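Following: one structure in structure tokens, then a few remarks.
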Amino acid sequence: MRTVEVIRTIAAVREWHRAAGDVGLVPTMGALHGGHRGLAERAAREGTAIASIFVNPTQFGPNEDYRTYPRAESADLELLAAAGCAAVFVPTVEEMYPPGDDTRVVPGDVASRLEGAARPGHFAGVCTVVAKLFGIVRPARAYFSHKDFQQLRVIQTMVRDLAMGIRVVPFEIVREPDGLARSSRNAYLTPDERRRAVALSRGLFAARDEWARGTRDAARLRATVRVVASDAGTPEYVSVADPVTLREIDGHAERAVVSLACRVGRARLIDNVLLGMSLEELARL
Ligand code: PAF
């Protein structure tokens, strides 16, 4: 049976890294699912892989689910071992944010809309912890799902602007057989909410189908998503934005990321489809 080395301190990661050499990092908050498994398998295929599991308090707002966020360490370790990860960094909050910690990485314009507007301070928390993980693990590659599309763009931009020299690898969204994007927060859904939640991906797929039939009008794509997704609830936003800048598109779209956020019961779910741009092109940004 495969095992994964569990490392809990920064000093021990540095020690491990000396022997491991060139590594790929899969940052996670745990409660891992098939989406994370895909990321970890890809990282392991491309070299020595290390994951991190850390529910990062600085990226949660005061009324968000930091305390109740699902935690499942032993199942996570099994998944990471099976996926071929060599090691996993599982720090405490004190290890990551010791007394006196006083620095934050504050992203710019690309973080200001959509999730950034809905969750003030969220991306500063994400950038701070990811920059810190990069500084601790010193990976050559880091793997992120494009399910959190804006997060991926914020991190790509941070890596470029701060000359971090890390290859950010975008990974496809892993979905349930009915289309719902896999998310640790799906665990909050009751059976009835789970049935309704599928309308979110259906809305996005309806826009993707319209795109395939030639529709390029951003307002029409937004309207299609709204109509179909409304079976799940009223989305907080439906966005048709430029995939590079995340600015809303007015009129004709050459390429787009169509995204939404919607509360279904206790879960706030996000999802997106990328149109007119491949993951390879996204990786090259
Ligand atoms: O996507 C996540 O799980 C988190 O935002 C990340 C990137 C691990 C930072 O805490």
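FYI, side chains are in, hydrogens and waters are out, and symmetry mates aren't considered; it's all heavy atoms of this structure. Everything quoted here is computed from the prediction, not taken from an experiment. We count ligands from 1, going down the list as the structure has it; atoms in each ligand are counted the same way.
Under a 4.0 Å criterion applied to the non-hydrogen atoms of Pro27, ligand 1 contributes the atoms 8 (C). Short contacts between ligand 1 and Val129, defined as distances under 4.0 Å to a heavy atom of the residue, involve ligand atoms 9 (C), 10 (O).
Using a 4.0 Å cut-off between heavy atoms, Thr28 contacts ligand 1 through its backbone alone, with no side-chain atom that close.
Residues Val93 and Phe89 fall within the same hydrophobic cluster, defined by Ile, Leu, Val, Met, Phe, Trp and Tyr side chains chained together at heavy-atom separations under 4.5 Å.
Salt bridge annotation for Arg247-Asp109: present, with a cationic side-chain nitrogen under 4.0 angstrom from a carboxylate oxygen.
Nearest-heavy-atom check against atom 10 (O) of ligand 1 across Gln151, Gln59, Met29 picks out Gln59.
Of all non-hydrogen atoms in Ala43 and Val26, the two that sit nearest each other are CB-CG2, 3.6 Å.
Side chains of Thr9 and Glu95: no donor on one and acceptor on the other come within 3.5 Å.
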